[in-house]
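I have placed the structure first, in the form of structure tokens, so that the comments after it can refer back to it.
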Amino acid sequence: MEEYVEMDAVGLSELVKRKEVKPSELVESAIDRSKQVNPLINAVIIEMFDEARSLATSDDLSSPFAGVPYLMKDLEFFAGAPYTAGSRLLKDFLCPTDSVLSSRIRRSGLITIGKTNTCELGIQPITEPELYGPTRNPWNLSFTAGGSSGGSAAAVAAGIVPMAHASDGGGSIRIPASCCGIFGMKISRGRNPRNPDTLGLGVSHCVSRSVRDSAALLDATHGPGFGDPYVAPSPIQSFIKEVTTTPGRLRIGFLSTTFDGKPIDPDCRDAVVDAAKLCTELGHHVEEASPAVNVEAFTNAFTVLWYQMVTLGIASLPALVGKVASAEHFERLTWEIGQAGAKYTGVETLTAMSYMQQLAGTMARFFTDYDLLLTPTLSKPPVKIGELVYKGNLEEYSRLANGWVPYTPLANATGIPAMNVPLYWNDNNLPIGVQFFAPYGDEATLFRLAGQLEEARPWAGRMPAFTKTS
């Protein structure tokens, strides 16, 4: 068990290929670990243990991750498994088919042992659905694991699996990665299959303890599906090779306030300053700089698009179970956002999309002077369980949520890649992530820098004492 918890997916797959360990042994280790820690953190909400044990009997070890245990976020179609999207509307729905991404994950050899908790429809930066209850941070059970991929991030941080599926429409990979002290790459729009995705905000990839796991999985899954509306530029080399490639001397702009210059929590400010110092020590040119982002205009435009995504979900998902959408099927926050989104006109939607296209141009111009942008991932450390639960005032909830996550939505709105890197823990031993943005299609530079940072300040061996409470 101890050896299993300490290894990443690439390392485990190498053991399997050398026949030093059997897939069945890895699966049993993952199941045992889940039974040990999941009652504390509530990360795995759907167990697929019997199916996993059956798959672990295969003699085919040719795929890249043959025999390695994995978890799917309960916001992706995975044939034969329940799909609830964290909503009581779908609590009895059994998924009939794979998404394109799920089929590629299966072909990679990963063995899915269960599905992970998510907030309803993935619309919040926390994971506290009414259907399954809150996922707790392994570093301190009183705090959030973040969202919406909080179940996946907590499971990885607690050693149930070395990496897990995650998706990101406004920060849902990077937010929980920051809260749980692990690596999280939000890939470029169109890098992995994602269909349908009318507005182009969301991507699907993973959270992981090691950088190379993220890169190796992307090698196995990248490329559009049939009919996908967006296609990212083709990578020059394999992503995993980039992790061990020297990044050269990068030009990095960094920001230690919000985009409009407001101060943030000292822990998050210190984390960025610390990361900037580390990058300087590694030979990069680092200076304070920020793209011109009108925070009010961005928030208004993103709200239009985000709310309408929720409206679309409420309108389409009931058909899966033969129901007509009504307030009784959804949490109050989800329903009220959906009602608000339905009031926007087509012109308001197109105006918001046009603004985001202009902002993408702003970011592209910024990256003519800098290779990367460094910011905090969050404006303050992980919040406590219940702190961001909706209390009936949509305007106040939005203010609190947007105030905690002012940075991550920029990458979704403009399609660019961004990663959370776990380099800093505060005095309360809570992880404080930092975020690097890159130009559209340039995951390679992010992986190169991430590999360098991981080597300079390794984090994978830093495991939480997840029984701690406060």
Side-chain angles (χ1 to χ4, degrees), residues 1-15 21 25-44 68-71 113-114 116-117 127 135-146 149-166 173-185 206-214 267 271 274 377 381-382 385 419-434 450-451 453-470:
M1 175 72 76
E2 183 177 347
E3 185 178 7
Y4 167 78
V5 169
E6 291 176 350
M7 295 191 70
D8 67 357
V10 171
L12 292 173
S13 68
E14 290 171 351
L15 291 181
V21 67
E25 292 174 314
L26 295 184
V27 166
E28 290 303 327
S29 291
I31 291 172
D32 288 346
R33 184 66 171 177
S34 181
K35 289 179 178 178
Q36 176 188 348
V37 305
N38 195 59
L40 297 168
I41 59 176
N42 190 36
V44 181
V68 176
Y70 193 67
L71 286 163
I113 67 164
T116 59
N117 203 9
T127 301
T135 293
R136 297 180 177 275
N137 194 318
W139 292 91
N140 188 314
L141 301 179
S142 297
F143 288 83
T144 183
S149 307
S152 291
V156 170
I160 297 176
V161 289
M163 68 174 175
H165 169 255
I173 286 175
R174 293 155 289 156
I175 294 165
S178 176
C179 290
C180 293
I182 58 176
F183 182 75
M185 172 78 77
C206 72
V207 287
S208 60
R209 283 199 300 276
S210 76
V211 176
R212 69 175 184 172
D213 276 1
S214 181
D267 286 341
D274 174 73
T377 304
I385 296 291
M419 64 180 180
N420 175 80
V421 185
L423 298 174
Y424 192 89
W425 274 252
N426 68 10
D427 291 341
N428 295 321
N429 202 33
L430 285 172
I432 309 292
V434 294
L453 294 172
E454 185 180 36
E455 183 178 9
R457 193 181 291 175
W459 58 74
R462 187 167 184 170
M463 297 289 291
F466 45 81
T467 54
K468 177 185 176 184
T469 58
S470 67

Look at the side chain of S34 and the backbone N and O of A30, then say whether any donor-acceptor pair between them is shorter than 3.5 Å. no

Under 3.5 Å: donor-acceptor pair, side chain of S149, backbone of A166: no

With a 4.5 Å cut-off on side-chain heavy atoms, are C206 and D213 touching? no

OG1 (T127) and CD1 (I41) are apart, to the nearest 0.5 Å, by 11.5 Å

Distance check, rounded to the nearest 0.5 Å: R457 atom CZ versus D274 atom CG? 4.0 Å

Answer with yes or no whether the side chains of S210 and D8 bring together a donor and an acceptor at under 3.5 Å. yes

Could you tell me whether the side chain of R33 and the main chain of A155 form a donor-acceptor pair under 3.5 Å? no

State, yes or no, whether a side-chain contact exists between I113 and L71 at a heavy-atom distance under 4.5 Å. yes

Is it true that atom CD of E14 has more than 12 heavy atoms of other residues, nucleotides or ligands lying nearer than 6.0 Å? yes

Straight-line distance of T144 OG1 to L430 CG, nearest 0.5 Å: 11.0 Å

Closest non-hydrogen atoms of P464 and W139, given as atom of the first, atom of the second and distance, are CB-CD2, 3.3 Å

Apply side chain to side chain contact (heavy atoms under 4.5 Å, CB included) to the pair R462 and N429, showing each step before the final yes or no. CA-CA 11 Å; R462 187 167 184 170; N429 202 33; 3.3 Å; yes

S13 side-chain N/O to V10 backbone N/O, donor-acceptor pair under 3.5 Å: yes

Quick check: does any side chain N or O of N38 sit under 3.5 Å from a backbone N or O of A43, one acting as donor and the other as acceptor? yes

Apply the test side chain to side chain contact (heavy atoms under 4.5 Å, CB included) to residues N428 and N140: give CA-CA distance (whole Å), side-chain angles for both, the deciding distance (0.1 Å), then the verdict. CA-CA 9 Å; N428 295 321; N140 188 314; over 6 Å; no

Give a yes or no answer on whether the side chain of Y4 reaches the backbone of V27 with a donor-acceptor pair at less than 3.5 Å. no

Can you tell me if N137 uses its side chain to pair, donor with acceptor, with the backbone of F143 under 3.5 Å? no

Are the side chain of Y70 and the backbone N or O of H165 linked by a donor-acceptor pair below 3.5 Å? yes

Atom OG1 of T135 and atom CG of L141: how far apart are they, to the nearest 0.5 Å? 11.5 Å

Can you check whether E454 reaches F183 side chain to side chain, under 4.5 Å on heavy atoms? no

Please name the pair of heavy atoms, one in C180 and one in P431, separated by the smallest distance, quoted to 0.1 Å. C-CG, 3.8 Å

Residue pair A271 / I432: nearest heavy atoms and the distance that separates them: CB-CG2, 3.7 Å

Donor-acceptor check, side chain of T116 to backbone of G151, threshold 3.5 angstrom: yes or no? no

With a 4.5 Å limit on heavy-atom distance, are the side chains of L12 and V21 in contact? no

Measure across S208 and M163 and return the closest heavy-atom pair with its distance rounded to 0.1 Å. CB-CB, 3.6 Å

Is the shortest side-chain heavy-atom distance between N420 and V434 below 4.5 Å? no

Looking at M7, is its backbone amide N or carbonyl O close enough to the side chain of R209 to form a donor-acceptor pair, meaning the two atoms are under 3.5 Å apart? yes

Nearest heavy-atom contact between P381 and D267 is CG-OD2, 3.7 Å

What are the two closest non-hydrogen atoms of R212 and G11, and how far apart are they? NH2-N, 3.5 Å

